[in-house]
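Everything below concerns the one structure shown next.
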Amino acid sequence: MAPRYAPSLRSRLGPLLLFLQTGFIISAFYFEIRDEAIHRDIYAEFQDVNVMVVLGFGFLGTFLVRHGFSSSGFNLLVAAIATQWALILMGIESWYDKGRIFVDLRSILVAEMSAASALISMGAVLGKANPVQLILLALLEVSGFILNEWVLLSLLKVRPLNEIMLLHIFGAFFGLTVTWILHRKGSHEGFEKEKFDKKSGLFSMLGSVFLWMFWPTFNSVLVEDHVPWRKLGAVCSTYLALAVSAVTAASVSVLSSARGKLNLIQMQSCILAGGVAVGVSMSAVHQPWEAMAIGFTAAVLSSTGFKYLKSHMLLAFDCHDTAATLSTHGLPGLLGWFAHLILEIKNCDDHTVAIRFAVFHICTLLVTITISLTMGTVTGFLLSLNFWRPPQNRKCFDDQAFWEFPHLAVRK
Amino acid sequence: MAPRYAPSLRSRLGPLLLFLQTGFIISAFYFEIRDEAIHRDIYAEFQDVNVMVVLGFGFLGTFLVRHGFSSSGFNLLVAAIATQWALILMGIESWYDKGRIFVDLRSILVAEMSAASALISMGAVLGKANPVQLILLALLEVSGFILNEWVLLSLLKVRPLNEIMLLHIFGAFFGLTVTWILHRKGSHEGFEKEKFDKKSGLFSMLGSVFLWMFWPTFNSVLVEDHVPWRKLGAVCSTYLALAVSAVTAASVSVLSSARGKLNLIQMQSCILAGGVAVGVSMSAVHQPWEAMAIGFTAAVLSSTGFKYLKSHMLLAFDCHDTAATLSTHGLPGLLGWFAHLILEIKNCDDHTVAIRFAVFHICTLLVTITISLTMGTVTGFLLSLNFWRPPQNRKCFDDQAFWEFPHLAVRK
Amino acid sequence: MAPRYAPSLRSRLGPLLLFLQTGFIISAFYFEIRDEAIHRDIYAEFQDVNVMVVLGFGFLGTFLVRHGFSSSGFNLLVAAIATQWALILMGIESWYDKGRIFVDLRSILVAEMSAASALISMGAVLGKANPVQLILLALLEVSGFILNEWVLLSLLKVRPLNEIMLLHIFGAFFGLTVTWILHRKGSHEGFEKEKFDKKSGLFSMLGSVFLWMFWPTFNSVLVEDHVPWRKLGAVCSTYLALAVSAVTAASVSVLSSARGKLNLIQMQSCILAGGVAVGVSMSAVHQPWEAMAIGFTAAVLSSTGFKYLKSHMLLAFDCHDTAATLSTHGLPGLLGWFAHLILEIKNCDDHTVAIRFAVFHICTLLVTITISLTMGTVTGFLLSLNFWRPPQNRKCFDDQAFWEFPHLAVRK
């Protein structure tokens with residue numbers, strides 16, 4: 001008979017966290033705060049991204065009725081670790097050259113965006129992995145993402161804006177690979193506690209709405225300021241794409257339901273599709289209608305994917321994707337990549353330039369997906385070790401495996 | 001016997017949304033992003049207004065215990081549609097002149113404020129109308145509001161700041177007219193599911209608190225920058241009026257209760273009264289004590305209205321006002337209008353000028369109320385058609401009429 | 001037999017609020033809005049602090065399962081009163097000199113930070129005091145805090161930044177003294193309703209996360225702009241300290257639990273410890289690793305205190321500290337004070353200067369603690385009068401003592 005209680009993480013999680021944090025503090029001896037005036041703009045942008053990463057992603061996962069503490073708590077924990085780790089990794093070059101790692105708001109912001117790629121992957125394994133596994137996943141994923149960045153920057157000379165936005169594609173494929181390798185027997189019957197209720201749906205609505213509201217910052221933050229209206233364009237395009245996505249997601253949701261009802265969790269994911277797709281194609285979107293058309297297509301893809309792909313992936317590929325990472329980030333990300341290609345080619349007068357861009361753009365995607373799948377596979381096999389004490393099937397999607405509850409808690 | 005299930009909206013809501021969204025995207029071929037540097041200030045203000053419209057208004061209505069998904073979800077949907085629609089309507093003149101509709105953050109912001117007038121009216125019919133009806137209401141209301149704006153601007157030369165702030169009065173009377181026409185037999189007995197509980201009260205507290213915190217932006221955003229301290233004055237006045245409202249609303253709430261208890265839903269509405277009233281009278285408020293006195297009076301009016309008017313309106317006029325739109329926006333709005341009149345006259349040395357201002361100011365109100373009531377009546381009769389498949393009385397205030405719930409959802 | 005219902009506050013709370021608010025409005029005749037351009041930066045900072053005070057502190061206390069309305073509602077009420085009161089007290093000098101009290105965003109912001117000291121103390125008596133007591137506590141505490149400020153400024157020439165940051169120490173000791181004097185027989189058995197559940201834990205998570213996200217503003221807002229990179233340093237240091245605290249708090253939480261589980265309420269308090277400690281020592285922290293080390297130590301202290309001190313204080317000193325004010329604000333505050341001392345001495349080349357600084361720094365602390373304990377004692381004895389009608393033990397931690405609930409509210 002299986003043990004009644006989830007295995008204790010005391011000897012795994014505690015030392016791991018202490019070890020990591022001590023290591024980070026020791027590395028911080030090489031940190032130096034860049035000696036410049038604070039720029040109010042970057043601070044406001046940093047706060048917006050901070051809100052998206054900590055609150056948005058954190059509460060988006062609280063729809064799982066008995067997994068709210070874990071969704072929000074582990075998200076904060078992983079974000080805090082992954083950001084510090086990304087800050088160190090991104091500083092290695094400067095540390096090698098000058099012996100110092102320079103820290104300012106912009107570098108923390110980029111580190112948080114790299115951490116976001118790990119939070120996206122977390123969505124795929126949410127509820128089925130313990131915090132030790134989530135932290136290891138985040139460390140490896142951030143390493144992979146920064147490796148990918150470095151490869152794209154140094155080999156293909158991709159612009160920083162464009163390669164950071166690939167985080168949606170990178171995160172989605174990484175997460176799917178991990179959850180595919182960590183497949184549990186019994187997933188097909190469904191997990192007893194994988195469901196939502198009236199209140200948990202509202203908590204995740206909160207996360208979704210914060211992501212929706214602040215997404216224009218997320219997409220515009222890395223747009224260069226030296227062509228000033230580009231930033232305005234990025235903000236307006238993202239806003240319009242999100243508005244279109246919200247309407248389209250509701251439409252597809254009601255049309256694809258036999259009794260004409262909306263699905264809240266589907267909407268929460270799919271209203272964001274326009275933001276993802278426009279983010280990935282940002283540097284090629286110049287007209288509002290282009291952004292809106294991308295938002296429309298992204299929402300249709302994402303909603304349809306949520307409705308039909310999720311269950312098919314489980315049946316056909318043994319791939320259980322808790323928070324629909326594929327349709328929330330993967331498909332809209334790929335669509336954004338494709339829209340970028342089409343728009344760029346459309347604007348080219350010269351065939352040779354167009355073909356060269358296409359080859360370059362396809363290489364960018366191939367490199368990203370290759371690194372993502374490779375790192376995902378390595379991570380998946382590492383996490384499948386029993387040493388990390390994963391929860392039993394019966395304890396999946398259950399806060400009680402990881403959180404103390406007062407015994408006398410009775411409902412009113 | 002009445003049917004057990006709410007009528008399916010598949011054939012109504014889905015096509016309507018698709019049709020609207022396609023139409024908006026086609027109109028967007030004429031959109032052009034204004035070619036100017038982004039101004040960080042306007043972006044921060046845009047975000048604040050965005051938070052108020054999407055999160056504030058959305059969660060304010062979640063106090064209804066079984067209507068949280070609808071309150072927050074339909075609010076987002078209606079806001080996304082109404083903003084796009086307002087953007088197009090506001091651009092008609094420029095489209096006629098130059099063949100383009102110019103879009104920038106300021107125009108999106110003003111479009112969101114116009115959409116807010118529809119969200120205010122939605123409060124009156126909340127829980128009793130289906131999303132199709134809400135969307136039609138929003139389209140007609142935004143059209144009416146922009147018509148009103150155009151009439152006031154071109155006939156009476158009202159300043160943009162002043163006429164946009166009339167959205168509280170416009171929205172309240174529009175909503176009341178619609179809910180009066182849509183009166184349901186059986187409202188007098190009360191709806192079974194029209195109530196709040198411990199958790200739903202906290203969700204709406206969240207919405208209320210976000211409105212309270214960001215209201216200073218809402219009132220100051222349209223104040224012209226060229227007299228710079230005017231904007232500071234608007235922010236400080238609004239903050240002080242809101243603080244006074246919060247204290248006064250609590251006081252009236254406890255004094256008007258037989259057993260000396262506070263009412264959370266009453267407080268959530270009435271702490272905002274000062275913001276509404278000061279907003280409407282903004283251009284005449286010059287001293288902090290004036291703002292505070294207006295906040296005090298507005299909260300007294302609003303709290304008393306919430307306590308006594310709501311039930312009387314139902315009994316005497318067959319007018320069921322779910323979210324107390326009259327006392328939250330209508331009465332404080334009228335008070336603000338009146339305070340504006342008094343303060344303006346007080347500051348006039350010349351009798352003739354004072355009388356001319358009074359006539360002008362009264363005309364402004366009369367035009368607004370006339371257009372609001374007329375459009376409200378038209379909308380009300382349109383929405384009363386059975387073609388839109390309104391929910392049965394038993395399905396009012398119930399998310400299950402519109403949202404999928406997993407059948408196996410059991411409470412812990 | 002004890003009465004079944006909590007005593008009515010109609011004759012206490014209503015008149016008190018009316019009297020205070022009328023008094024504030026009358027004082028406001030002397031208010032004058034400072035005649036200067038609004039500075040966008042200060043507005044954004046004001047909004048962040050506003051969010052922390054109203055939303056952050058308000059929702060942090062909602063973990064109590066039946067006390068959510070009171071935690072969030074009374075927090076708003078007390079914040080609105082205490083801010084107005086602080087605005088008046090801070091203006092007395094200018095009123096005496098020039099007959100006017102100048103109001104601008106900076107003065108409202110500082111008033112809100114003074115009000116925050118009262119909200120910290122409220123945490124210690126939360127659930128055991130009625131709103132009348134909370135309001136009196138806030139009035140006296142803000143008076144004491146501003147007296148302390150005045151003494152430190154005029155006698156010891158402490159810089160404004162440093163003495164305002166003492167609010168954590170002042171608030172914690174004030175609150176502990178009050179709760180110690182208000183000790184109830186029966187506290188040792190525990191209060192029936194002092195517990196959390198799945199949803200209430202998520203509401204307080206929301207408050208905690210907002211405090212965590214905006215704490216960099218709280219610490220940097222008073223840093224002088226004239227050395228521009230100081231403000232950037234304050235923001236980065238606070239962010240890093242908070243990230244370290246989050247990881248460390250989780251580590252200590254899991255290590256100190258017999259079954260290796262995390263405690264959500266403990267984490268919600270202790271992830272903030274780094275922000276408190278770095279805030280108090282801000283003007284001496286120059287290196288990122290210093291901030292991170294302080295964050296680490298603060299989180300260890302705070303988590304250990306939460307786990308062991310809370311129950312010992314109740315057993316040994318009859319001091320029941322609802323929201324763990326000692327370990328959330330008291331211990332990290334003291335640590336910050338100590339870190340400030342050490343860092344300042346470390347950077348001194350001259351022994352005499354170091355010793356003079358140490359004496360000065362110790363005096364600052366002694367004055368603060370003395371005034372805090374004295375005012376706390378006075379407040380405690382005042383609040384212990386039966387005249388204020390405190391709730392019975394059975395009605396502690398229960399919203400039903402103060403808030404109307406519809407009788408027909410049945411759970412789905």
Side-chain angles (χ1 to χ4, degrees), chain A residues 5 8-15 17-18 20-22 24-26 28-29 31-38 40 43-44 46-47 50-51 54-55 58-59 62 65-66 68-69 72-73 76-77 80-81 83-84 103-105 108 131 198-200 203 206 399 402-404 406 408-409 411-412, chain C residues 40-41 44 48 65-66 190 192 195-199 201-203 205-206 209-210 212-214 216-217 220 228-229 231-233 235-237 239-240 242-248 250-255 257-264 266-267 271 286-289 291-293 296 411-412:
Chain A
Y5 298 111
S8 166
L9 295 177
R10 199 179 182 183
S11 59
R12 301 291 184 275
L13 184 57
L17 289 173
L18 270 191
L20 285 175
Q21 194 51 67
T22 323
F24 292 160
I25 294 179
I26 291 170
F29 281 107
F31 281 10
E32 191 174 305
I33 290 176
R34 206 184 289 276
D35 205 10
E36 60 185 25
I38 191 170
R40 179 71 212 177
Y43 183 54
F46 162 74
Q47 282 292 29
N50 210 3
V51 168
V54 173
L55 185 73
F59 274 78
T62 52
V65 66
R66 298 182 69 167
F69 289 11
S72 58
L76 176 64
L77 190 60
I81 292 172
T83 306
Q84 294 181 68
V103 172
D104 60 5
L105 277 178
I108 299 185
K198 288 199 158 48
K199 306 297 176 198
S200 67
F203 277 112
L206 209 61
D399 279 341
F402 309 120
W403 299 89
E404 276 173 11
L408 57 167
R411 299 198 70 92
K412 193 203 108 174
Chain C
R40 178 71 211 179
D41 287 11
D48 285 3
V65 65
R66 297 181 69 167
E192 184 196 337
K195 62 196 170 201
F196 66 97
D197 73 0
K198 287 197 159 47
K199 305 297 177 202
L202 273 177
F203 278 113
M205 189 69 186
L206 209 60
V209 153
F210 268 104
W212 195 88
M213 294 185 303
F214 290 142
T217 310
S220 70
W229 53 266
K231 204 150 195 163
L232 172 68
V235 167
C236 292
S237 303
Y239 177 80
L240 290 172
L242 287 165
V244 174
S245 284
V247 181
T248 315
S251 169
V252 176
S253 181
V254 79
L255 284 174
S257 149
R259 281 166 47 203
K261 294 193 176 183
L262 295 154
N263 182 315
L264 189 72
Q266 184 182 11
M267 271 189 66
I271 59 173
H286 296 291
Q287 299 296 331
W289 73 264
M292 289 169 83
F296 184 84
R411 300 198 70 92
K412 192 204 110 174

A:K198 and A:V65: side-chain contact (heavy atoms from CB on, under 4.5 Å), yes or no, with the steps?
CA-CA 9 Å; A:K198 288 199 158 48; A:V65 66; over 6 Å; no

For C:M292 and A:Q84, what are the C-alpha separation, side-chain angles and deciding distance, and is it a side-chain contact (heavy atoms from CB on, under 4.5 Å)?
CA-CA 11 Å; C:M292 289 169 83; A:Q84 294 181 68; 3.3 Å; yes

Run the numbers on A:Q21 and C:S251 for side-chain hydrogen bond (donor to acceptor under 3.5 Å, both in side chains), then give the verdict.
CA-CA 9 Å; A:Q21 194 51 67; C:S251 169; over 6 Å; no

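When each of A:L13, A:I26, A:V103 is checked for heavy-atom pairs under 4.5 Å with chain C, A:L13 comes out on top. With respect to chain A, the highest number of heavy-atom pairs below 4.5 Å among C:L240, C:V209, C:L242, C:L264 belongs to C:L264. Ranked by heavy-atom pairs under 4.5 Å with chain A, the first of C:G190, C:P216, C:A293 is C:P216. Heavy-atom pairs under 4.5 Å with chain C were tallied for A:A28, A:G58, A:G73, A:P131; the largest tally goes to A:A28.
A:L18 places a side-chain heavy atom less than 4.5 Å from the side chain of C:F296. Between C:W212 and A:N50 the shortest side-chain heavy-atom distance falls below 4.5 Å. The side-chain heavy atoms of A:S200 and C:K199, taken from C-beta on, include a pair separated by under 4.5 Å. Side-chain contact between A:F24 and C:V244 is absent, with no heavy atoms from C-beta onward closer than 4.5 Å. Put simply, the side chain of C:S257 does not reach to within 4.5 Å of the side chain of C:L262, judged on heavy atoms. When side chains are defined from C-beta on, A:T62 does not count as touching C:M205, because their heavy atoms never get closer than 4.5 Å.
Looking at C:F210, only its side chain comes within 4.5 Å of chain A, counting heavy atoms on both sides. With a 4.5 Å cut-off on non-hydrogen atoms, A:F29 touches chain C through its backbone and its side chain both. Both the backbone and the side chain of A:S72 come within less than 4.5 Å of a heavy atom of chain C. Only the side chain of A:L206 comes within less than 4.5 Å of a heavy atom of chain C; its backbone N, CA, C and O stay farther away. Heavy atoms closer than 4.5 Å to chain A are found in both the backbone and the side chain of C:M213. A:I108 touches chain C through its side chain: at least one heavy atom from C-beta onward sits under 4.5 Å away, while N, CA, C and O do not. If you measure heavy-atom distances from A:I81 to chain C, the contacts under 4.5 Å come from both the backbone and the side chain. In this structure, no portion of A:S11 lies under 4.5 Å from any heavy atom of chain C. Contacts of C:Y239 with chain A are made by side-chain atoms alone, with heavy-atom separations under 4.5 Å and no backbone atom involved.
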